[in-house]
Amino acid sequence: MATAVVAFKPEDCHRLIAEAFTAGDLEAVLSLYEEGATLVPEPGAEPVSGAALKEAQRGLIACQPTMTVETESVVEAGDIALLRSNWSVTGTAPSGEPLKMSHRGTEVVRRQGDGTWRYVIDNPFGAE
């Protein structure tokens, strides 16, 4: 059963997205993004949003990932925060081969009207 999750601090977005991916809960993952948010799905790829963002995240969920995310830094400016992360994923690629990735990411999150935080820009490869 899908669960919407809420981040009460900018860095909560990291913990919650890792938990949602590891649980295989696509709706929980998507609940951490603002409508119209942008994701860079692969190194060097064009950013995606909307249905393409959902499909990119569905693809990662299909790998049955175990994800960890460590917050490297948080810089807040009013209702916007810049996050830097170290993350890793293990799982099974569509080919059946073991999947193992780790990168340093850069993310922008925004405080919502209810005080929670959501991703606006998610570049998992942006700090390499």
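Count residues from 1 along the sequence. In what follows, every heavy atom counts, from backbone to side chain, and hydrogens, waters and symmetry copies are set aside.
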N/O donor to acceptor pairs below 3.5 angstrom from side-chain atoms of residues 43-58, sequence neighbours left out:
unit_1: E55; atom_1: OE1; unit_2: R58; atom_2: NE; d: 3.3
unit_1: E55; atom_1: OE2; unit_2: R58; atom_2: NE; d: 3.2
unit_1: E55; atom_1: OE2; unit_2: R58; atom_2: NH2; d: 3.3
unit_1: Q57; atom_1: NE2; unit_2: Y33; atom_2: OH; d: 2.8

**Request:** Report yes if the side chains of N86 and V69 come closer than 4.5 Å at any heavy-atom pair, otherwise no.
**Result:** no

**Message:** Less than 4.5 Å apart, side chain to side chain, heavy atoms only: is that true for C63 and T92?
**Reply:** no

For the atom pair [atom1] ([X]) and [atom2] ([Y]), what is the distance rounded to the nearest 0.5 Å?
{"X": "R104", "Y": "T106", "atom1": "CZ", "atom2": "OG1", "result": "8.0 Å"}
{"X": "E34", "Y": "D122", "atom1": "CD", "atom2": "CG", "result": "12.5 Å"}
{"X": "L16", "Y": "K9", "atom1": "CG", "atom2": "NZ", "result": "10.5 Å"}
{"X": "T90", "Y": "M67", "atom1": "OG1", "atom2": "CE", "result": "10.0 Å"}
{"X": "F21", "Y": "L32", "atom1": "CZ", "atom2": "CG", "result": "9.5 Å"}
{"X": "D114", "Y": "W117", "atom1": "CG", "atom2": "CH2", "result": "11.5 Å"}

**Asked** Does a side chain donor of either E107 or S85 reach within less than 3.5 Å of an acceptor in the other side chain?
**Response** yes

**Prompt:** For Q112, does the CD atom have more than 12 heavy-atom neighbours from other residues, nucleotides or ligands under 6.0 Å away?
**Reply:** yes

**Message:** Classify the ring geometry of W87 against F125: parallel below 30°, tilted from 30° to 60°, perpendicular beyond 60°.
**Reply:** perpendicular

**Request:** Determine, step by step, whether T66 and T22 satisfy the side-chain hydrogen bond (donor to acceptor under 3.5 Å, both in side chains) criterion, reporting the C-alpha distance in whole Å, the side-chain angles of both residues, the deciding distance to 0.1 Å, and the verdict.
**Result:** CA-CA 5 Å; T66 298; T22 299; 5.2 Å; no

**Request:** Determine, for E11 against R15, whether the closest basic-nitrogen to carboxylate-oxygen distance falls under 4.0 angstrom.
**Result:** no

**Asked** With sequence neighbours left out, which residue pairs that include part of residues 87-102 fulfil the salt bridge (Lys or Arg N to Asp or Glu O under 4.0 Å) condition?
**Response** none

**Message:** Applying salt bridge (Lys or Arg N to Asp or Glu O under 4.0 Å), can you list everything that pairs with R111, at least two apart in sequence or on another chain?
**Reply:** D79

